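These notes are about the structure you will find just below.
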Amino acid sequence: MEYLLKNGYVVDPVNKIDCERMDIAVKDGKIVESVDESKAKVIDVKNMLVMPGGVDLHSHIAGSKVNVGRLFRPEDHYKDYEVKSGVRRSGVGHSVPSVFTTGYRYAILGYTTVFEPATPPLKTLHTHDELNDIPIIDKACFPLFGNNWFVMESIRDDKLEECAAYVAWLMRTIKGYAIKVVDPGGVEAWKWGITSQDFDQEIPRFGITPRELVRGLVKVNKMLGLPHPVHLHCNQLGIPGNYKTTLKTMDAVKDLAAGDRPILHITHVQFNAYGGVDYLSLSSHADDIADYVNKNPHVTIDIGQVIFGDTTTMTADGPFEYKLFNLLRGKWANSDVEVETGAGVVPITYSRSNYVHAVMWCIGLELALLIKDPWRVFITTDHPNGGPFTEYPRVFSWLMSKKARERVLKRIPRLARVRTNLKDIDREYTFYELAISTRAATAKILGLNNKGHLGVGADADIAVYNINPKEVNPSTDYKLVRQAFSRAYLTMKDGEIIVKDGEIVAAPVGRTYWVNTRAPKDVEDVVIPEVKKRFKEYYTVEFENYCVPESYLAWSAPIQPLEPSGE
Ligand SMILES: [Zn+2]
């Protein structure tokens with residue numbers, strides 16, 4: 001099928017196109033130079049905004065903790081359900097939508113690629129079950145390595161090559177994409193009674209510190225040439241004063257960087273940019289974090305913006321969820337994943353009149369606005385931790401309009417305004433910067449060369465929004481921005497029309513990316529039998545039942561590692 005999208009205003013930062021009136025030609029699922037107008041289906045998108053499909057690098061959409069969230073939050077579903085219509089299946093969910101609904105809602109926002117950022121290796125078969133069922137979008141999952149016994153032991157024993165061989169084996173065996181680290185060592189330490197693991201404190205029984213662990217995994221990532229940097233959720237998430245730990249963590253790997261290629265992605269930094277000594281004195285240190293990121297190209301971040309309203313927090317950071325449960329005294333679910341990791345789930349309602357929540361709201365936006373380079377700061381809500389992804393258009397309007405921010409600022413506690421910097425920030429994102437932060441840069445940092453742009457040869461993943469970027473001034477017309485981004489006029493995925501006028505018209509299967517990586521054979525030959533032995537000793541499943549065969553994936557999309565950049 002051939003298409004010609006005519007007369008839209010195209011924003012495509014990779015190709016340095018900023019609101020130019022252009023036609024986009026599509027053939028066989030790819031962007032092409034031109035098509036024969038007499039044969040192609042011509043779609044008039046005159047005066048509309050045309051962007052590459054959105055790429056989200058951090059959204060909890062599949063896996064065991066997400067499913068726990070679905071199961072124990074019926075109140076999340078009963079007000080927000082969808083009946084079957086046309087190609088759409090029925091579904092439920094506000095903060096933890098069912099799988100099909102997740103795919104539809106992302107497509108309606110114009111997003112076409114979404115990565116699940118935390119899968120316990122042992123439970124990744126389940127994660128793939130759910131990823132298989134999420135229609136339309138391309139996806140992948142990041143296995144958790146930050147509390148894994150084999151990883152901690154091999155780094156302690158200075159056996160980095162063995163560690164790399166284990167990571168390589170695991171990545172291809174369970175079809176993972178990137179190294180995820182959550183509260184390095186802290187989930188394991190909690191099992192020994194330590195509720196808050198410091199970055200330079202020894203992890204009980206393992207004789208290494210989180211600093212050594214993170215450095216080891218960054219080296220392993222480089223040895224294997226994985227396409228995405230180590231994706232890190234810092235120690236002491238959610239704790240007042242934690243901005244110091246975040247700065248220390250970023251700085252701990254600085255000497256390992258070579259060139260301008262980022263080697264560490266710090267995720268949902270809003271939760272890790274706090275000053276103060278307790279929640280009463282909580283303050284923003286987003287400016288210090290932004291200052292560090294501005295000066296150091298080896299790190300990227302995403303913001304983890306908070307949205308006022310009801311949501312469900314879920315993270316492998318089990319000890320943090322336990323602390324949150326003690327503050328809120330509502331529901332709490334916890335899980336220990338054998339020798340690998342853990343997880344917790346706690347519902348929360350962020351309230352505008354709550355001092356702590358208001359400070360959190362300010363910090364997320366401060367990070368996005370104070371970090372100068374949109375290629376290194378990405379817009380997320382850490383769905384559903386800060387709020388559901390369906391609220392992204394609201395975040396866009398805050399970033400594009402000081403007036404929109406001021407409307408909220410007026411209604412939060414005075415002290416929260418005083419102890420944050422947001423009120424003093426004038427910057428407003430342009431459509432171009434928004435396109436960088438939500439698609440071009442995220443595709444780049446994930447190593448997806450065919451995504452995030454509209455150049456010839458790219459996957460024809462395209463979002464068209466019914467807003468004229470030449471006429472609308474987002475600074476004052478922020479409500480129009482929110483409306484337009486809430487319901488794409490057209491979403492195309494691999495050259496197929498998925499959304500027309502905000503409605504789902506097709507729901508094809510999306511790809512699952514994974515990295516087909518290998519360590520040198522002689523090292524793997526030593527490591528794999530050792531791993532097998534561990535399965536006999538420690539695991540409740542057999543080695544043979546752990547793997548996820550390629551045939552299990554609805555649409556397997558293996559990608560090759562990059563050229564390793566050495567240790
Ligand atoms: Zn997360």
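Computed over heavy atoms, backbone and side chain alike; hydrogens, waters and symmetry mates excluded. Here the structure is a predicted model, which is why all the values come from computation and not from measurement. First listed ligand is number 1; within each ligand, the first listed atom is number 1.
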Could you list all the salt bridge (Lys or Arg N to Asp or Glu O under 4.0 Å) pairs where at least one residue sits in residues 287-307, not counting sequence neighbours?
Asp291-Lys295
Keeping to distances under 2.8 Å, can you name the protein N/O/S atoms close to the Zn ion (ligand 1)?
His58 NE2, His60 NE2, Asp382 OD1
Test: Lys331 cationic atom under 6.0 Å from Phe72 six-membered ring centre, within 45° of axis:
yes
Indicate the ring-plane relationship of His60 and His58, choosing parallel, tilted or perpendicular according to the 30° and 60° boundaries.
perpendicular
I'd like to check the ring-ring contact (aromatic ring centres under 6.0 Å, His included) partners of Tyr350; sequence neighbours left out, ordered by chain and number.
His357
Sorted by chain and residue number, the side chain to side chain contact (heavy atoms under 4.5 Å, CB included) partners of Arg511 (sequence neighbours excluded) come out as Asp138, Lys451, Asp459, Lys493, Asp494, Tyr513, Trp555, Ala557
Answer yes or no on whether Arg394 is positioned over the face of Phe396, meaning its NZ or CZ is under 6.0 Å from the six-membered ring centre and within 45° of the axis.
no
